[in-house]
Amino acid sequence: MNTKSSRSLLVGGNATNTGINQQWEQDNQAWWDWYVTLADNPDQTDGALLEVPTLPVGSVPDDQAIADELSTPYDLSSDDLIFFRDNGYVKLKLVLSAGAVLRLRQELVRLLSEEFETVLDQRNANRFLSMEMMWLNNALVRKYVLSPRIAKIAADLLDVARIRLYHDNILSKEPGCGRTPWHYDDHHFPLASHDVVTAWIPAQPIPAAMGPLAFAKPICAYKLVEHIAFSKFDTSYDRKVSEVFRDKDITVDATPFQIGEVSFHHNLSFHTAAANRTTQSRIVLANTYFADGARVLDQPTMVSGDWQKFLPGVEPGGVASSELNPVCWPPESDVDD
Ligand SMILES: O=C(O)CCC(=O)C(=O)O
Ligand SMILES: [Fe+2]
């Protein structure tokens, strides 16, 4: 199955004069292939990739156990809430059991290898693979995307009562693939709201050498780089953002992810990821949620040319609540209207 979509060239910075107002004409995979070329890779080396321990292939939880786990609320502490408010992201341990991570990985490996006709976990594959909207056709992926456990965390972090899905994204940074450029997600989504958060769910542990998602803190770091013009031709935007953050002593949290650890980032959080210098594919499910009631921008010209794929039937300025944006929290049965 192919999940073609087009998307915006926008990745932060001032869109107006930099030629990034135009729409992306190719598919989503081509977007990622292009996008990773905008990352500065000063330390790029053709040296050996690090061997990481092979993941166990033994028994994994059955469908019912997965469904139960993904419906059980997660206890957020007040420290977690404060951390997210101040820094625009939070990393939470044990959101998933090791079994639920391994089950997810098995399914994502299967989907990616079918779609791209490739073998995952191969040395020097060097690509960034991406598939969207898989929740529509895959019952297991749907459990992880519409998970009340995950969506309640998103709602609580944003401090809103009801949360809807924008879309899912399966991402595989293949062995040898370079950095993800610095950006924030605000302009990727045509939503007139800052109540937008992405759950980045690794499907294996992510040691430093595999390129964990890394966040600039505090959240207002984005204000330091708003003046930098985005360049769609070279790595200058990414390089300049790195320079400003270094000069202004912005802390970058690039810590590894343990198995079952999940990060949540706000759409104003600046983030990047290092290269994958291991022999294992860095596979992730990234689900974006937004507050119920959010509207589409009046003039969604700077966003995905294909945004209606995620919000079919919704007009500019309209409420973002198509059938492809289900309420994920609270669960349907608890909703009385
Ligand atoms: O996985 C990555 O390297 C980037 C993902 C990302 O930017 C996101 O999920 O917002
Ligand atoms: Fe992002």
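Atoms within each ligand, like the ligands themselves, are counted from 1 in listed order. Only this structure's heavy atoms are used, side chains among them; waters, hydrogens and symmetry mates stay out.
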**Study point:** Derivation of the side-chain contact (heavy atoms from CB on, under 4.5 Å) call for E174 and L120
**Key:** CA-CA 8 Å; E174 297 292 277; L120 278 281; 3.3 Å; yes
Exercise for review: Given salt bridge (Lys or Arg N to Asp or Glu O under 4.0 Å), test R127 with D33 step by step and report yes or no.
Suggested key: CA-CA 7 Å; R127 287 190 73 197; D33 284 339; 2.8 Å; yes
Practice item. Could you go through the side-chain contact (heavy atoms from CB on, under 4.5 Å) check for W135 and N287 one step at a time? Key: CA-CA 10 Å; W135 71 277; N287 303 332; over 6 Å; no
Exercise for review: May I have the step-by-step check of side chain to side chain donor-acceptor pair (under 3.5 Å) for T278 and E51, ending in yes or no?
Suggested key: CA-CA 6 Å; T278 75; E51 293 277 354; over 6 Å; no
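Between Y89 and F83, the ring planes are perpendicular. Angles over 60° get that label, and only those under 30° would be called parallel. Relative orientation of the H167 and F310 rings is tilted, given thresholds of 30° and 60° on the angle between their planes.
H183 pairs with exactly one of Y237, F270, Y35 by the ring pair (Phe, Tyr, Trp, His ring centres under 6.0 Å) rule, that one being Y35.
By the criterion of a heavy-atom distance under 4.0 Å, neither the backbone nor the side chain of N169 is placed next to ligand 1.
Checked against the Fe ion (ligand 2), the N, O or S atom of D185 at the shortest distance is OD1.
When ring centroids are compared, W200 and F257 come within the 6.0 Å threshold.
Shortest contact from atom 3 (O) of ligand 1 to any protein heavy atom: T180 OG1, 2.7 Å. Among all protein heavy atoms, the one lying closest to atom 6 (C) of ligand 1 is H271 NE2, 3.8 Å. Atom 2 (C) of ligand 1 has its closest protein heavy atom at R282 NH2, 3.2 Å. The shortest contact between atom 5 (C) of ligand 1 and any protein heavy atom is with W200 NE1, 3.6 Å.
Within ligand 1, counting atoms from 1 as listed, the ones closer than 4.0 Å to a heavy atom of A273 are 3 (O). Below 4.0 Å from some heavy atom of H265 lie the following atoms of ligand 1, by number and element: 8 (C), 9 (O), 10 (O). Heavy-atom contacts of L171 reach the following atoms of ligand 1: 1 (O), 5 (C) (cutoff under 4.0 Å). Taking a cut-off of under 4.0 Å to the non-hydrogen atoms of D185, the atoms of ligand 1 that pass are 10 (O).
Under 3.5 Å, the side chains of N267 and D186 contain a donor-acceptor pair of N or O atoms.
The distance from the Fe ion (ligand 2) to the nearest N/O/S atom of H265 is not under 2.8 Å.
Proximity of V284 to ligand 1 is not established, as no heavy-atom distance is less than 4.0 Å.
Of the polar atoms of W32, none of the N or O atoms is found under 3.5 Å from an N or O of ligand 1, judged by distance alone.
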